[in-house]
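This report concerns only the one structure given below.
When reading the values below, keep in mind they use all heavy atoms of this one structure, side chains included, and skip hydrogens, waters and symmetry mates.
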Amino acid sequence: MTISPASAPVSDGAGIPADLLDHDLADDLARASLALARRFAHGATMWCVSPRWQPHAQHMAVEFVHPAIVGKRALPAVALTGGEIVAQGRTAARIGDVFVAVAAAGEPEVRDLMRRARAWGAHTIWIGSGPRPAPGAADHVLWIDDADPQAPATGRFVLMYHLLWELTHVCFEHPGLLVDPPASCTDEVCITCSDEGRLAEVVQPPTERFGPALVRTETGLESVDVTLVAPVAFADLVLVHAGAALTRLDPEVAS
C-alpha cells in the first residue's frame, strides 16, 4: 500500500510546506498505519508518550479514542503523562501493544522506552523532527527533516498523527490487509536465525548462586541462565539465546 505525494492532504494555509509528505515519508506513514491497524485488529492498546510536549500525547490518544468521523470505530489509546514513562510503559504494556512517541531524537526517556519495548513484545512508532534517531531505534520512524525547534508547534505533528489515524482506518476497510504475513521461518529449526540473540529485560535476578533469572521477552516471561553475565539486576537488558543470557547490554546500545 502506498500513498501518492501528489494527493497528500497538505495545506500551505496551515503553515505546512507542500513537500512535508515526500515519497519516503508517505511510504513510512503507509507502512506504520498498516502495522498499527494489524495490532489493533489483534486487540492492542496504543500508548502515547511525549515527555516534553505532553499535549501531543493527549491529543493523539483522543484522536484514536474519539473518532472525528461518524461510523469510525473507537480504538484503545492512552496517553502516558506525568514522568517516568519507562516505568509506566513497563507496567502497562502487553505483548502486541504499540508505543507511539512524539519526541526529538535526543530525548533520553524515549530512546530508552523504544529500546525496551522490544523486550516487552510491543511495537514502536516514533514521530519527530530535526536530527533523526539511530537506525533501528523504532519499528517505524515518521520524521520531518526540519531543524527548526518550533516545528512541534506548527501543526506538522498534528497532521502526522491525524494521517496515521486516517490511514489506519483505511486499512480497516480492507480486512485482507489485517492478516499478518506468514513467518519467514517455517522449518522447526531455522539455519538463518538459529544463532540470533533475543532482547530480554530482567524481571527478577537469581535468588541463589548459579540460579536462573526471570526475564521478560517478546514472547513472555522466561527463566534463563545468567551465569555468563552475573550479577544482574532488575531492568538490566540482556541478549538471550538457547535459554542463556550471553551478554548484558548497555541501555544506550540496546537497539
Side-chain angles (χ1 to χ4, degrees), residues 1-5 8 20-51 53 56-57 59-61 63-64 75-80 85-86 89 92-107 109-146 151-152 156-172 174 177-181 183-184 199 218 254-255:
M1 181 174 67
T2 59
I3 305 171
S4 170
L20 172 63
L21 285 180
D22 60 22
H23 182 274
D24 290 340
L25 181 52
D27 187 62
D28 291 340
L29 262 169
R31 293 176 186 276
S33 301
L34 176 57
L36 187 55
R38 285 173 173 167
R39 296 305 183 279
F40 278 133
H42 288 83
T45 296
M46 185 176 81
W47 305 97
C48 309
V49 301
S50 186
W53 310 308
H56 276 306
H59 186 175
M60 182 164 39
E63 184 102 11
F64 280 77
L75 298 170
V78 180
L80 299 180
I85 62 169
V86 173
R94 303 165 302 161
I95 294 173
D97 281 356
V98 182
F99 286 99
V100 183
V102 178
E107 191 74 39
E109 272 195 302
V110 172
R111 290 204 310 264
D112 196 23
L113 178 71
M114 296 287 105
R115 295 183 188 102
R116 293 177 184 274
R118 187 184 307 168
W120 306 337
H123 205 73
T124 52
I125 301 172
W126 196 340
I127 298 171
S129 63
R132 288 175 173 264
D139 293 306
H140 299 279
V141 174
L142 306 178
W143 220 254
I144 300 170
D145 292 318
D146 186 346
R156 297 175 177 182
F157 289 176
V158 176
L159 173 65
M160 190 84 73
Y161 49 76
H162 178 80
L163 287 174
L164 187 65
W165 170 84
E166 192 164 347
L167 290 172
T168 297
H169 281 280
V170 170
C171 294
F172 285 140
H174 303 276
L177 292 176
L178 304 179
V179 179
D180 287 327
S184 57
L199 185 65
E218 62 183 356
S255 61

So [X] and [Y], would you call those rings parallel, tilted or perpendicular, with 30° and 60° as cut-offs?
| X | Y | result |
| --- | --- | --- |
| Tyr161 | His59 | perpendicular |
| Phe64 | Phe40 | tilted |
| Trp165 | His162 | tilted |

- Pair Leu75-His169, side chain to side chain contact (heavy atoms under 4.5 Å, CB included): steps then yes or no: CA-CA 10 Å; Leu75 298 170; His169 281 280; 3.8 Å; yes

To the nearest 0.5 Å, what is the distance between [atom1] ([X]) and [atom2] ([Y])?
| X | Y | atom1 | atom2 | value |
| --- | --- | --- | --- | --- |
| Leu159 | Leu164 | CG | CG | 11.0 Å |
| Arg39 | Leu34 | CZ | CG | 9.0 Å |
| Leu142 | Phe157 | CG | CZ | 10.5 Å |

Taking the side chain as C-beta and beyond, is there a heavy-atom pair between [X] and [Y] under 4.5 Å?
| X | Y | answer |
| --- | --- | --- |
| Arg116 | Leu199 | no |
| Ile127 | Val100 | yes |
| Met60 | Met46 | yes |
| Val170 | Ser33 | no |
| Ile85 | Pro51 | yes |

- Item | Trp53 side-chain N/O to Ala103 backbone N/O, donor-acceptor pair under 3.5 Å |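 It does not hold such a pair.
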
- Message: Checking Met160 against Val102 for the side chain to side chain contact (heavy atoms under 4.5 Å, CB included) test, could you report, in this order, the C-alpha distance in whole Å, the side-chain angles of both residues, the deciding distance, and whether it holds?
- Response: CA-CA 10 Å; Met160 190 84 73; Val102 178; over 6 Å; no

- Query: Checking side chain to side chain contact (heavy atoms under 4.5 Å, CB included) against Val98, which of Leu36, Thr124, Thr45 comes through?
  - Reply: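 So the option named by the test is Leu36.
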
- Task: Give the C-alpha distance, both sets of side-chain angles, the deciding distance and a yes or no for side chain to side chain contact (heavy atoms under 4.5 Å, CB included) between His42 and Asp180.
- Result: CA-CA 10 Å; His42 288 83; Asp180 287 327; 3.6 Å; yes

- Task: Test Asp145 against Arg132 for side chain to side chain contact (heavy atoms under 4.5 Å, CB included), laying out the working first.
- Result: CA-CA 8 Å; Asp145 292 318; Arg132 288 175 173 264; 3.1 Å; yes

- Does the pair Arg118/Asp139 count as a salt bridge with the N-to-O cut at 4.0 Å?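 No, Arg118 and Asp139 are not salt-bridged.
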
